[in-house]
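Since the structure comes first, as structure tokens, the remarks are kept for the end.
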Amino acid sequence: MNQMWRQTVDSSVTQTYVNPLYPKTGETVTISIQVGLDSDVSSVAVFPFHHGNEHPQPCSVEQQGQRLFYSASLQMPAEKLYWYFVLFASDRCYYYSRKGITASPPSLYDSFYLMPDIVPVSWVGSSTCYQIFSDRFKEGDPSVGASDGQYSFDGGTVQSREFSEKPLPFEEGKCLDFFNGDLKGIEDAIGHFKALGVTVLYLNPIGVSMTTHRYDCCDFFHIDEKLGGDEAFLSLTKKLHDAGIRIVVDISLNHTGTGHPWLKRAQQDRESEEASFYYFNDDGSVACWEDVPTLPQLNFTSKKLRELLYQGEDSVLVKFLKEPYLQDGWRLDVAPVLGRRGEDQLCEEVWREVRDAVKAENDQAYLVGEDWADASPFLQGDMWDGTMNYFGSSRPLRSWMGETDRFISEGWGHNPKPTRAYTGVELAEALESQLVSIPSQMHPMQMNLLDSHDTTRLHTTPNQFDFAVYSGTVMLMYLLPGMPNLYYGDEIGLEGPYGSVEDSRYPMQWDKTQWDMRFYELYASLGDLRKRYKMMLQASSHTILACDEHSLVFARYDREAAVLCVLNKNEESSTLTIPNSMLQITEVLGEKSCDVAINTDTLTIQLAGKENCIVECRR
């Protein structure tokens, strides 16, 4: 018997098949599955599992083109709702779950599931983000900034640098080599962001601090005067919002700087309330995060500390979400280790409290945690909204480019050696591993990236750089479920050699004659693509259509359209044949239309050597 009909079957926990995708307890939710019109399936039932039992329910059916959609409406319980489908064919019944089609019933682990009462940050999945390390981006107000010799700290003295110069090595600069980029400079670059399709800015810390990186905060409640202070931030947030751009700001609740008044008070009086904000070693010295002497770790056993940072009405995290700033979210530094020291393991407790406090002020405020590994424990809807997705985007995509993974590289991963690159099959495995590890409802809220202030710039690899392969990597990053994050300067091919964290923080180049326009055109075109498919990309389905040694085809789709990303390392011209039974693409749009042959069961794409491309389609 012909079993080709099995390739037409599809369902997932996305807005393509689940409505609403974020149901409240007691709300009716409609769950659907697609089957080809000419399939061997006579009927479908859904088997939901809750309250300890399965509750089979027959599905109704409607036709859309050559596809049938079987649907059933269920009442959302006050717990996870698990389900799978049963497809009744002429030879037997089959089961469809996250595992695909099987002859045996799936386990609970492999079943689809939906969590009740998740309030999504609805704007993230269709947005495009741009990350800025403020000191190195753009000077807009010459009257602010650090000056030579202004102060000394951690064995160094402030030095002011020109944007035409390079950052100093840590041993020489001690993170006190200020280029004096400021908030007015960011405000002046709004046109640049708009041209790239950027709708969100992510700023590294901007609070009062001693260093250029500003993770050594000395005052959480105010903006560093070297950046322009509170008034400059107020002006920036207003101008960004007027331009339709949101703003997310970095903060480290894990530690302060040694210049913080809390620490000074604690060191002066060990019986003071501020002394309870920190840990102290047996010798009386303050305990520091990762033994970095300028970053004393905060102690969340202190209820007063929690009140100041996030629980109080005028706490740090709440203050900047309110008028007049209306900040749109927080990036949470070293988030998986916060609240952990010895027997104190308060991390999850604190993040749940942070979420409650932030969402009470604004349920659309974004909480994105820094995590380099699998962040799934924090992405269950009760702590963070998303993670800075090194695990699911940066690490696998850089491996596709032939870079040794950061965690098995020396020097904090800033000088990774070349290695055999991932095959398409290995890349597919890495991508799917992360996607299945977190609830599907959380996919749209992930922050995907290639580079950041903590990585080398991928395009500056000392090994042979291949722009063609890189371009496909960027295309895929822009199509992964969630929001792409473009690190400032990547759009112009900004220099910055491998070797140290300082080398990833070169000053932005504003002389357009020095821009590598290949990069700019790539990022601008992808920003435009995301604007054109804004509604589809918000929370649509995804699949890996094909993969082999040299290629991978990734698709985002809803019921009307599909956008395919073709990654291709084959050095010779080639013909790539991919399945079309499930997507049932009927028309290819744009410049690749003449290179794609559409058949009922396959798409055939003609590719030049190392051609990586986007294929826009109608279903």
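Everything quoted here is computed from the prediction, not taken from an experiment.
Contact between Val368 and Thr387 at its shortest, heavy atoms only, is CG2-C, 3.5 Å. The two residues Trp384 and Ala335 come nearest to each other via the heavy atoms CZ2-CB, 3.2 Å. The shortest heavy-atom contact between His542 and Pro481 is ND1-CG, 3.8 Å. For the pair Gly145 and Gln150, the tightest heavy-atom approach, listed with the atom from each and the gap, is O-OE1, 4.0 Å. Closest approach of Ser471 and Leu522 over heavy atoms only: CA-CD2, 3.8 Å. Across every non-hydrogen atom of Pro444 and Val124, the tightest pair is O-CG1, 3.6 Å.
In this structure, the side chains of Tyr498 and Leu458 come closer than 4.5 Å at one or more pairs of heavy atoms. For the pair Tyr506 and Pro497, the minimum side-chain heavy-atom distance is below 4.5 Å. Within the 4.5 Å cutoff, the side chain of Ile190 has no heavy atoms near those of the Asp242 side chain. Between Lys184 and Lys239 the shortest side-chain heavy-atom distance does not fall below 4.5 Å. Taking the side chain as every heavy atom from C-beta outward, Asn612 and Val566 never approach each other to under 4.5 Å. The side-chain heavy atoms of Leu427 and Cys547, taken from C-beta on, include no pair separated by under 4.5 Å.
Not counting sequence neighbours, the partners of Tyr325 by the ring-ring contact (aromatic ring centres under 6.0 Å, His included) test are Phe233, Phe320. Taking Ser12 as the reference, Thr14, Tyr17, Ser541 meet the side-chain contact (heavy atoms from CB on, under 4.5 Å) condition, with sequence neighbours excluded. Among residues two or more places apart in sequence or in another chain, the salt bridge (charged side-chain N to carboxylate O under 4.0 Å, His left out) test is passed with Asp405 by Arg395. Residues forming a ring-ring contact (aromatic ring centres under 6.0 Å, His included) with Tyr470 (at least two apart in sequence, or on another chain): Phe465, Phe519. Taking Ser209 as the reference, Arg214, Asp216, Asp224 meet the side-chain contact (heavy atoms from CB on, under 4.5 Å) condition, with sequence neighbours excluded. Applying the side-chain contact (heavy atoms from CB on, under 4.5 Å) rule to Ala373 yields the partners Asp371; only residues at least two apart in sequence or on another chain are considered. The side-chain contact (heavy atoms from CB on, under 4.5 Å) search around Ala189 returns Phe137, Lys138, His192, Phe193, Trp510, not counting sequence neighbours.
Ring-plane geometry between Phe407 and Trp372 is classed as perpendicular, the angle between the planes exceeding 60 degrees on a 0 to 90 degree scale with a lower cut at 30.
For the residue pair Tyr366/Asp328, the side-chain donor-acceptor check at 3.5 Å is not satisfied.
With a 6.0 Å radius and a threshold of 12 heavy atoms from other residues, nucleotides or ligands, Glu591 has its CD atom at or below the threshold. Heavy-atom contacts from other residues, nucleotides or ligands closer than 6.0 Å to CE of Met517 number more than 12.
Side-chain atoms of Asp148 come within 3.5 Å of backbone atoms of Ser160 as a donor-acceptor pair (strictly under, hydrogens ignored). Side-chain atoms of Trp330 come within 3.5 Å of backbone N or O of Leu317 as a donor-acceptor pair. Side-chain atoms of His443 come within 3.5 Å of backbone atoms of Leu435 as a donor-acceptor pair (strictly under, hydrogens ignored). Under the 3.5 Å distance criterion, the side-chain polar atoms of Asp558 are left unmatched by any main-chain donor or acceptor of Thr16. Gln364 places a side-chain N or O within donor-acceptor distance of the main-chain N or O of Pro120, the cut-off being under 3.5 Å. For Ser573 (side chain) and Ala608 (main-chain N/O), no donor-acceptor pair under 3.5 Å exists by modelled atom type. Between the side chain of Asn580 and the backbone N or O of Ile585, at least one donor-acceptor pair lies under 3.5 Å. A donor-acceptor distance shorter than 3.5 angstrom exists from the side chain of Asp385 to the backbone of Leu367, with no hydrogens or angles considered. When atom types are taken as modelled, the side chain of Thr199 and the backbone of Thr128 share a donor-acceptor pair closer than 3.5 angstrom. The closest donor-acceptor contact from the side chain of Ser235 to the backbone of Ala232 lies at 3.5 Å or more, if one exists at all.
Among residue pairs with one or both ends in residues 520-529, those qualifying as salt bridge (charged side-chain N to carboxylate O under 4.0 Å, His left out) are Asp528-Arg532; sequence neighbours excluded. Residue pairs meeting the side chain to side chain donor-acceptor pair (under 3.5 Å) criterion with at least one partner in residues 472-487, sequence neighbours excluded, are Gln131-Asn485. Applying the salt bridge (charged side-chain N to carboxylate O under 4.0 Å, His left out) test to every pair with at least one member in residues 447-469, sequence neighbours left out, gives these pairs: Arg398-Asp451, Asp454-Arg505, Arg457-Asp490, Asp466-Lys610. Every pair passing salt bridge (charged side-chain N to carboxylate O under 4.0 Å, His left out) that includes a residue from residues 166-183 is listed here, sequence neighbours excluded: Arg136-Asp177. Among pairs with a residue in residues 427-437, none fulfils salt bridge (charged side-chain N to carboxylate O under 4.0 Å, His left out), at least two apart in sequence or across chains.
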Show the numbers, then the answer: is there a side-chain contact (heavy atoms from CB on, under 4.5 Å) between Cys175 and Glu502? CA-CA 8 Å; Cys175 296; Glu502 283 74 23; 4.0 Å; yes

Begin with the C-alpha distance, continue with both residues' side-chain angles, and end with the deciding distance and a verdict on side-chain contact (heavy atoms from CB on, under 4.5 Å) for Asp250 and Tyr215. CA-CA 9 Å; Asp250 206 335; Tyr215 287 100; 2.5 Å; yes

Test log, rule side chain to side chain donor-acceptor pair (under 3.5 Å), inputs Tyr390 and Ser452: CA-CA 10 Å; Tyr390 291 102; Ser452 77; 2.7 Å; yes

After noting the C-alpha distance and the side-chain angles of Val144 and Glu225, does the key distance pass the side-chain contact (heavy atoms from CB on, under 4.5 Å) rule? CA-CA 7 Å; Val144 303; Glu225 290 292 340; 5.9 Å; no

Show the numbers, then the answer: is there a side chain to side chain donor-acceptor pair (under 3.5 Å) between Asn463 and Thr461? CA-CA 5 Å; Asn463 310 305; Thr461 172; 3.3 Å; yes

List the steps and the verdict of side-chain contact (heavy atoms from CB on, under 4.5 Å) for Asn570 and Leu576. CA-CA 10 Å; Asn570 197 322; Leu576 188 63; over 6 Å; no

Please evaluate residues Ser551 and Asn568 with respect to the criterion side chain to side chain donor-acceptor pair (under 3.5 Å), reporting the C-alpha separation (whole Å), side-chain torsions for both, the decisive distance (0.1 Å), and the verdict. CA-CA 4 Å; Ser551 64; Asn568 171 38; 5.7 Å; no

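Distance CE/Met442 to CD/Gln446: 6.5 Å, rounded to 0.5 Å. Taken to the nearest 0.5 Å, the CG atom of Leu567 stands 10.5 Å off from the CZ atom of Phe554.
Judged by the 6.0 Å distance and 45° axis criteria, Arg518 is positioned over the aromatic ring of Phe467.
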